[in-house]
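Below is one structure, written out as structure tokens; the observations come after it.
Order of the sequence lines fixes the chain letters, A, B, ..., with proteins taken first and strands second; residue numbering starts at 1 for each chain. Remember, predicted model here, so these are calculated numbers, not experimental data.
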Number of protein chains: 2
Amino acid sequence: MYKIDFNNFFSYSFSIDCVIFGFKDGQVNVLMIKRSMKPYLNHWAIPGDLVYPDEDLQVAATRILTELTNLSNLDLHQAQTFGDPNRHPQGRVITTAYFALIRIADFEIEASSFAEEVKWVPIHEVPDLAFDHNLILNSTYELLKKKLSYEPICFDLLPEKFTLNQMQQLFEYVNEAEMDKANFRKKIRPIPLIALGEKQQNVKHRPAKLFSFDSEKYSEIAEEDGYRFKI
Amino acid sequence: MYKIDFNNFFSYSFSIDCVIFGFKDGQVNVLMIKRSMKPYLNHWAIPGDLVYPDEDLQVAATRILTELTNLSNLDLHQAQTFGDPNRHPQGRVITTAYFALIRIADFEIEASSFAEEVKWVPIHEVPDLAFDHNLILNSTYELLKKKLSYEPICFDLLPEKFTLNQMQQLFEYVNEAEMDKANFRKKIRPIPLIALGEKQQNVKHRPAKLFSFDSEKYSEIAEEDGYRFKI
DNA sequence: TCTAGATATTGTATTTTTGACAATAAATAA
DNA sequence: TTATTTATTGTCAAAAATACAATATCTAGA
């Protein structure tokens, strides 16, 4: 064990695939690219790239995401690692999935060297993808759903200023279950939100109040009172 | 992207490290080996091995575990993947942690080709380990603690026939909090357990009833009623 | 200006779950 | 038989979840 036979064992490649989630029109969307090179030319896929031999995984994930979205300071979460020997037609490529949550309205996606086309697709309308990307996507979405219920990451999907209804709709969507408005508000009462004193604009009915997440206060009560986000 | 430059990128190695948990004397224990080869000769470590170039990860994890413990049919859970470029002194070795839960009483550990020595160590008494194994161990134990609370895997750590107190002690240990006996029993009421009609032997007080987990019924109510294990 | 329509927001009453603690039961050991 | 120890069940109040009702606030159009 651990005696490395350089001839036999140094024959892998290692990649990272990024599942980028957004929330749009009441649906969770995933960023898809249309591949501009072989293999799987012109197939839809999730963005990914090989890791450099001396590159840390988290660093690589950040690099790939930045190259793609021009956004930085995003929370990247490691998901599952996939290593079926036949998952890549050109060799043994083990890949680790990372996911990121972004506010769709905050950036313009555009095709790049990465891809011929880039687009958002609702998670339930994803077509057949290249490689084992459907598998990766589904397993990562399952992880997202779990994490949404016990980590305060929903605020990375929602707009900076959001209504309580928008927040509720996100949870109704991922849990595939309707919730009572009044009871939802009771449930989130311990979560530190800042009432901004502003209201929704351009709606043709009573506008809802806007809130933002108080992440500093969250850290505070998490540390002092042991409070954990829970929905 | 995905254009593979075989010269630059095929220079990795890939390994799996197994964190093997058991429950003994009211404590969660981890299986440790004393390395019989370089690097880190004579250091304590968690068992791991390189993945063959054409070997699936899950298969490799199972193989390594079987080589080590002579047990099969164990539940292996993938944990985090570690890829710090400097984590291995002899080259770039990315590793994925898997963990397994075993009933300590069910098998005899013995040193093998793997190691000079093998022993169980309480999770809170683990010494400094080879490589980044302390990091791997801690992160995997955190994952175990989470999974214990929402998946019925405590029964893989407990004896086949267990008392409700043994079960409670496991949760008290990992949560580092005492629980009320009566309330614990209310909490686990929805979990399908089989009352065996047998009792503890050789105790010098009133013996407790023995139970076993009804995994078939669990699958049934999980599917039909959407019930999820929860503690 | 008034009113209908739509959604936001708050309140109330009931049921369910949790938590603290008391009471009882069943074994052993002397 | 009794003291001791642990297992097991029961009770009651507090807290949380649930269902549903009531009220508030905005827009749009008469």
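With sequence neighbours left out, the salt bridge (charged side-chain N to carboxylate O under 4.0 Å, His left out) criterion links Glu160(A) to Arg103(A). Scanning for salt bridge (charged side-chain N to carboxylate O under 4.0 Å, His left out) contacts around Asp214(B) gives an empty result, with sequence neighbours left out. Contacts of Asp132(A) classified as salt bridge (charged side-chain N to carboxylate O under 4.0 Å, His left out), with partners at least two apart in sequence or in another chain: Arg87(A).
Between Phe131(A) and Tyr40(A), the distance from one ring center to the other falls under 6.0 angstrom.
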Taking protein heavy atoms under 4.0 Å as touching, what does nucleotides 12-26 of chain D look like 5' to 3' if B marks base contact, S marks sugar-phosphate-only contact and - marks none? ------BBB---BBB
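Distance, Lys209(A) NZ to dT7(C) C1': 14 Å, rounded to whole Å. Per the geometry, CD belonging to Gln200(B) stands 16 Å off P belonging to dA26(C), to the nearest Å. The CD1 atom of Ile188(B) sits 16 Å away from the C1' atom of dT17(C) (whole-angstrom rounding). Residue Leu210(B) contributes atom CG, which lies 13 Å from atom P of dA27(C) at whole-angstrom precision. Taking atom CG on Asn202(B) and atom P on dA27(C), their separation rounds to 15 Å, with Å as the unit. The CZ atom of Arg185(B) sits 17 Å away from the P atom of dG19(C) (whole-angstrom rounding). Across the protein-nucleic acid pair, Met179(B) atom CE and dG19(C) atom P stand 8 Å apart, rounded to whole Å.
For Glu216(B), the CD atom counts as loosely surrounded, since its 6.0 Å shell holds 12 or fewer non-hydrogen atoms of other residues, nucleotides or ligands.
The list of side-chain hydrogen bond (donor to acceptor under 3.5 Å, both in side chains) pairs with a residue in residues 187-199 of chain A, not counting sequence neighbours, reads Lys161(A)-Glu198(A). Legend: ring pair (Phe, Tyr, Trp, His ring centres under 6.0 Å) pairs involving residues 152-203 of chain B, not counting sequence neighbours, sorted by first then second residue: His124(B)-Tyr173(B), Phe155(B)-Phe162(B), Phe155(B)-Phe213(B).
In this structure, Lys181(A) reaches the bases: a heavy-atom distance under 4.0 Å links it to at least one base atom across the strands shown.
Contacts of residues 157-172 of chain A with DNA chain C (heavy atom under 4.0 Å): Asn165(A).
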Donor-acceptor contacts, no H, no angles, side chain residues 176-183 of chain A, under 3.5 Å, sequence neighbours left out:
{"unit_1": "Asp180(A)", "atom_1": "OD1", "unit_2": "Ala182(A)", "atom_2": "N", "d": "2.9"}
{"unit_1": "Asp180(A)", "atom_1": "OD1", "unit_2": "Asn183(A)", "atom_2": "N", "d": "2.9"}

N/O donor-acceptor pairs under 3.5 Å from side chains in residues 139-149 of chain B, not counting sequence neighbours:
{"unit_1": "Ser139(B)", "atom_1": "OG", "unit_2": "Gln80(B)", "atom_2": "OE1", "d": "3.1"}
{"unit_1": "Thr140(B)", "atom_1": "OG1", "unit_2": "Ile136(B)", "atom_2": "O", "d": "2.7"}
{"unit_1": "Glu142(B)", "atom_1": "OE2", "unit_2": "Lys145(B)", "atom_2": "NZ", "d": "3.3"}
{"unit_1": "Ser149(B)", "atom_1": "OG", "unit_2": "Lys146(B)", "atom_2": "O", "d": "2.8"}

